[in-house]
Amino acid sequence: MNKPPQGWPRITAAVFYDDAAKAIDWLCAAFGFEVRLKIEGEGGRIEHSELTFGDGVIMVASAGGKATRPRALPCKSPRALGGVNTQSLSVWVDAIDEHCEKARAAGATIVEEPATQDYGEEHPSHRTYRAEDPEGHRWAFMHLVRDARAGNASGS
């Protein structure tokens, strides 16, 4: 398998917002993403953006609009669908409790408080919390406590 282009992980996600410009600012303030590219179109519409978190990348764009590519699918924010989500985004962080508090202070709805999942010594153990952004996208943030496969542990 060939390597992906430099600066790109093997898999990335695209997330669509009714107000993508506001969402980008919020994602940076609340969750710690950084903007590496933002392309604005007519009326401030976000046509494409790339946000990084460590070596991870998500793309954020405005929902709706005119699809110019063949077979492009219409995209909507969960807010436009009554809160329905078809995916949850997962992000590994270093300091889970501090990350949760920063997100809460920025207005994230914490739908599951930080808790440690431990299924025994032969399995990895991680601490996770789940949050919802202002337009209803669900996010899971995780911190490795013990990696049974590597035989190492990390502070929680």
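- Here W26 pairs with nothing under the side chain to side chain donor-acceptor pair (under 3.5 Å) rule; sequence neighbours left out.
- Using a 4.0 Å cut-off between charged side-chain N and carboxylate O, E47 and R45 make a salt bridge.
- Checked against side chain to side chain donor-acceptor pair (under 3.5 Å), D118 has the following partners two or more places apart in sequence or in another chain: R146.
- Annotation: side chain of L37 is not in contact with side chain of V35 (no heavy-atom distance under 4.5 Å).
- For E101, the side-chain contact (heavy atoms from CB on, under 4.5 Å) criterion is met by R104, not counting sequence neighbours.
- For the residue pair H48 / E50, a side-chain donor-acceptor distance below 3.5 Å is found, with atom types taken as modelled.
- For the pair Q117/S125, no side-chain contact is recorded, criterion being any heavy-atom separation below 4.5 Å from C-beta on.
- In this structure, K38 and S49 approach most closely via the heavy-atom pair CA-CB, 4.0 Å.
- For the residue pair C100 and E113, the shortest heavy atom distance occurs at SG-OE1, 4.4 Å.
- Between W139 and F53, a ring centre-to-centre spacing not shorter than 6.0 Å is recorded.
- Applying the side-chain contact (heavy atoms from CB on, under 4.5 Å) criterion to A14, with sequence neighbours excluded, gives F16, M59.
- Residues passing the side-chain contact (heavy atoms from CB on, under 4.5 Å) test with A13, sequence neighbours excluded: Q87, L89.
- Checked by atom type, the side-chain pair Y17/D133 shows a donor-acceptor distance below 3.5 Å.
- With no hydrogens or angles considered, no side-chain donor-acceptor pair links E112 and T128 at under 3.5 Å.
- The side-chain contact (heavy atoms from CB on, under 4.5 Å) check on A21 picks up D19, I46, with sequence neighbours excluded.
- Panel note: side chain H143, backbone R127; no donor-acceptor pair is recorded below 3.5 Å.
- Contact detail for V111 and E132: the closest heavy-atom pair is CG1-CB, 4.3 Å.
- Pairing each heavy atom of R36 with each of G7, the nearest pair is NH1-O, 2.8 Å.
- Counting heavy atoms from C-beta on, the side chains of T52 and F33 never come closer than 4.5 Å.
- The shortest side-chain heavy-atom distance between P9 and D55 does not fall under the 4.5 Å cut-off.
- Among F141, F31, Y129, the single residue meeting the side chain to side chain contact (heavy atoms under 4.5 Å, CB included) criterion with V93 is F141.
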